[in-house]
2 protein chains.
Amino acid sequence: MKSAVEPLKARRIYLLLRDRIVTGELPPGARLPGEPALATEHAVSRVTVRRALDLLEKEGLVQRKPGSGTFVHDTRAVRPIVADLSNVLSHLIDMGRSTDVRLLSFGYVVPSEAIAASLGLQPGERVQRSVRVRLIDGEPFSYLTTHVPEWIGLTYSEAELAARPLLELIERSGVETDRATQAINATLAGPDAAAALDLEIGSPLLTLTRIVYEPSGRGVEHLHAQYRPDRYSFHMDLVRTGNDGERRWSPALGRPRSSDKSKTDKIKTEKSKSGEKPTRAARVIKQRS
Amino acid sequence: MKSAVEPLKARRIYLLLRDRIVTGELPPGARLPGEPALATEHAVSRVTVRRALDLLEKEGLVQRKPGSGTFVHDTRAVRPIVADLSNVLSHLIDMGRSTDVRLLSFGYVVPSEAIAASLGLQPGERVQRSVRVRLIDGEPFSYLTTHVPEWIGLTYSEAELAARPLLELIERSGVETDRATQAINATLAGPDAAAALDLEIGSPLLTLTRIVYEPSGRGVEHLHAQYRPDRYSFHMDLVRTGNDGERRWSPALGRPRSSDKSKTDKIKTEKSKSGEKPTRAARVIKQRS
DNA sequence: CAAACCTGTATTATGGATCATACAGGTTCC
DNA sequence: GGAACCTGTATGATCCATAATACAGGTTTG
């Protein structure tokens, strides 16, 4: 019996340290354990620890000072974008931040059985499939794959999809949308999503799968979204609704009441180093929401 | 110049194929390229391809048929548990499935800065920290870390925490809880969570961070939950609420309309096949909700 | 200054991942 | 039946990640 394939130890340690940094367990400026300590702690050699630290340093997450130690880079305070339940980036628009959309793929295909079933299609019926990447201030944070029944997709062009929200185009075609279901989950980044989101393969991603229905019950849009957890997360306020013995929470509708001065609300608006990172030519169309 | 640490080739191919499957590019039932084809396509040896397929097979994503090919498994064996937004496993109770709780750790510590801030504590103030694992039908699916201010934690014992929901104990101490905030995100499994959830380090996890407040605004509970994405996911129904031009969704309150026969909370007390799966000695206390 | 840390660098040894190749046996299709 | 696929299995060679160890040089602290 061969032992199961297991990730490189260096990569494992890199991921663990990276997680402790981005989750705030190791706050900016903190000095992390010395290389010998990390080596014994994880039962690996010091060489392996160094390779993990090499990756963190290359990524700009830590800074090494010979003779002194390795420290969490402080200027890396990019707090994740916060979206409410309806997946609306209300804060962003208020703050004048720009979101761009890059259309990576566009075409008509025969969908997988699962997607066909969720949209209520006949076997063999085709759908329009598109892959888009959404960026905020030039940084990618979501990787969207959408499937729309062909008869709806044909009512708009590729250029229109790149420029306007998909749901708007669907409704423009005369379709009414009144309800949807969605599921939130987690997965690992595949090669395509990793490349689009500027991540390494195997990074964790937050996923959202949403199916939009028209009143008759037919599905009109299947959305599969993958988010960088360090740049995007779902947030909601809850209120107690259960009676007496029942302990239950329900989402508080309306605008989230930004909790007093909880530090999660501090969103840096300016990021002055604009223009340094020219986006690839390609198709980049500015789009609201 | 040392070459950068790069993931095992087998793992990379595993992730690549996995991505093509979950995104629907390779629909259930489809036969994926032969091992020699995959080997040349990715410029690796056939042995390496086989190791990638081994992982997919062990995960239940593909099925191999000697002489015929490797096929995407049609029926996802285990369907994840579905929880609604309030994190209530309503379905489970309906179905008479049992959830157990295992208390892994219990003690009083000085919390990290982030947790102290979220609970509104003074520097140096101590909290009660507990780590629990929740199981369904004997299989672990969530890893919970809770922090509670010391003055509340002292009102109940370790045994009580293992037997009763934490929120109930908090309220029993005289504290009122009326609102909470929570964030959903994704991360990678660390050593502790991986061991508790029977996963490999580096597996993706769905996380929920919830802070419960009393009316005065002080935090009374900090909950950090990590879920196995293959056994747990958040699900919600949405309805259109935006006016005219605004495309907006709001969570539909009330019971999810997924299963028509959603009876009111029938709580099955018995678990007929008891005694068959003897949980490890340790402390395992049955607990409702 | 000196002791005790730290990172940076180099060495050799070893085991595991990978490669290239070959063959056995089942399935598909003509 | 037979050709052309496929997966399953075995082999030995090679390469690379890792381990173990040692030493150099900077930083911190008393």
Side-chain angles (χ1 to χ4, degrees), chain A residues 1-18 21 26 29-74 200-202, chain B residues 1-18 20-21 26 29-74 191 200-202:
Chain A
M1 188 67 71
K2 300 264 178 66
S3 66
V5 174
E6 113 184 54
L8 297 180
K9 298 186 182 179
R11 180 179 175 78
R12 173 186 296 189
I13 296 173
Y14 153 72
L15 288 171
L16 292 177
L17 288 175
R18 182 182 181 279
I21 292 175
L26 288 173
R31 177 176 155 276
L32 33 107
E35 292 174 4
L38 287 173
T40 59
E41 178 185 340
H42 295 97
V44 297
S45 74
R46 202 181 133 219
V47 185
T48 306
V49 169
R50 297 204 96 250
R51 304 190 69 154
L53 294 178
D54 287 342
L55 292 175
L56 289 172
E57 187 182 30
K58 198 172 70 175
E59 202 176 333
L61 279 173
V62 302
Q63 192 175 0
R64 290 157 113 165
K65 294 181 182 173
S68 178
T70 303
F71 301 84
V72 179
H73 205 218
D74 22 354
E200 286 190 34
I201 293 177
Chain B
M1 185 65 74
K2 302 261 180 67
S3 66
V5 174
E6 116 185 49
L8 297 181
K9 299 185 182 178
R11 181 175 174 82
R12 171 177 288 181
I13 295 173
Y14 154 72
L15 288 170
L16 186 146
L17 290 175
R18 181 182 181 279
R20 290 173 66 182
I21 291 175
L26 287 173
R31 178 176 153 274
L32 34 105
E35 293 173 3
L38 287 172
T40 60
E41 179 186 339
H42 297 98
V44 298
S45 74
R46 203 182 132 219
V47 184
T48 306
V49 169
R50 298 203 95 249
R51 304 190 70 154
L53 295 179
D54 287 342
L55 292 175
L56 290 172
E57 187 182 29
K58 197 172 72 173
E59 200 175 334
L61 279 172
V62 301
Q63 191 174 2
R64 290 156 115 166
K65 294 181 182 173
S68 178
T70 303
F71 302 84
V72 180
H73 205 230
D74 338 311
E200 286 188 33
I201 292 178

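Lettering of chains follows the sequences in order, A, B, ..., and the numbering in each one begins at 1.
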Counting only side-chain heavy atoms from C-beta out, which of [options] sits nearest to [X]?
X: A/Ser68; options: D/dT7, C/dA17, D/dT27; answer: D/dT27
X: A/Val44; options: C/dT7, C/dT18, D/dA19; answer: D/dA19
X: B/Pro36; options: C/dG8, D/dT7, C/dC6; answer: D/dT7
X: A/Pro66; options: D/dT7, C/dG8, D/dT18; answer: C/dG8
X: B/Thr48; options: D/dT9, C/dC19, C/dC6; answer: C/dC19
X: A/Arg31; options: C/dT18, C/dC6, C/dT7; answer: C/dC6
X: A/Arg50; options: D/dT7, D/dT18, C/dG8; answer: C/dG8
X: A/Val47; options: C/dA10, C/dC6, D/dT7; answer: C/dA10
X: A/Ser45; options: D/dT18, D/dA22, D/dT9; answer: D/dT18
X: B/Lys9; options: C/dT28, C/dT18, C/dT7; answer: C/dT18

Please report the distance, rounded to the nearest Å, between [atom1] in [X] and [atom2] in [N].
X: A/Leu56; N: C/dT7; atom1: CG; atom2: P; value: 13 Å
X: B/His42; N: C/dC19; atom1: NE2; atom2: P; value: 12 Å
X: B/Gln63; N: D/dG8; atom1: CD; atom2: P; value: 11 Å
X: B/Leu53; N: D/dG8; atom1: CG; atom2: P; value: 9 Å
X: B/Glu35; N: C/dG25; atom1: CD; atom2: C1'; value: 14 Å
X: B/Arg12; N: C/dA17; atom1: CZ; atom2: P; value: 17 Å
X: A/Leu38; N: D/dA19; atom1: CG; atom2: P; value: 13 Å
X: B/Asp54; N: D/dT7; atom1: CG; atom2: P; value: 12 Å

Check: Within the pair A/Arg46 and D/dA19, is there a side-chain N or O less than 4.0 Å away from OP1 or OP2?
Finding: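 No, A/Arg46 has no side-chain N/O under 4.0 Å of OP1/OP2 on D/dA19.
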Next item on the list: Determine: side-chain N/O of B/Thr70 to OP1/OP2 of D/dC6, distance under 4.0 Å, yes or no.
Entry: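 Result: no.
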Next item on the list: Apply the salt bridge (charged side-chain N to carboxylate O under 4.0 Å, His left out) test between B/Glu57 and each candidate in B/Arg64, B/Lys65, B/Arg51, B/Arg50; give the one that qualifies.
Entry: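 For B/Glu57, the salt bridge (charged side-chain N to carboxylate O under 4.0 Å, His left out) check succeeds only for B/Arg64.
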Check: Of A/Val44, A/Thr70, A/Val49, which is the lone residue that meets side chain to side chain contact (heavy atoms under 4.5 Å, CB included) with A/Leu38?
Finding: A/Val49
Notebook entry, point to check: Knowing that exactly one of B/Ile13, B/Val62, B/Leu56 qualifies, which makes a side chain to side chain contact (heavy atoms under 4.5 Å, CB included) with B/Arg18?
Noted result: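 Passing option: B/Leu56.
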Margin query: Just so I know, are the side chains of B/Glu59 and B/Leu55 near enough to count as touching, which here means a heavy-atom distance under 4.5 Å?
Written below: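 Of all side-chain heavy-atom pairs linking B/Leu55 with B/Glu59, none is under 4.5 Å.
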Next item on the list: Quick one: do A/Leu53 and A/Leu17 satisfy side-chain contact (heavy atoms from CB on, under 4.5 Å)? Show the steps, please.
Entry: CA-CA 9 Å; A/Leu53 294 178; A/Leu17 288 175; 4.0 Å; yes
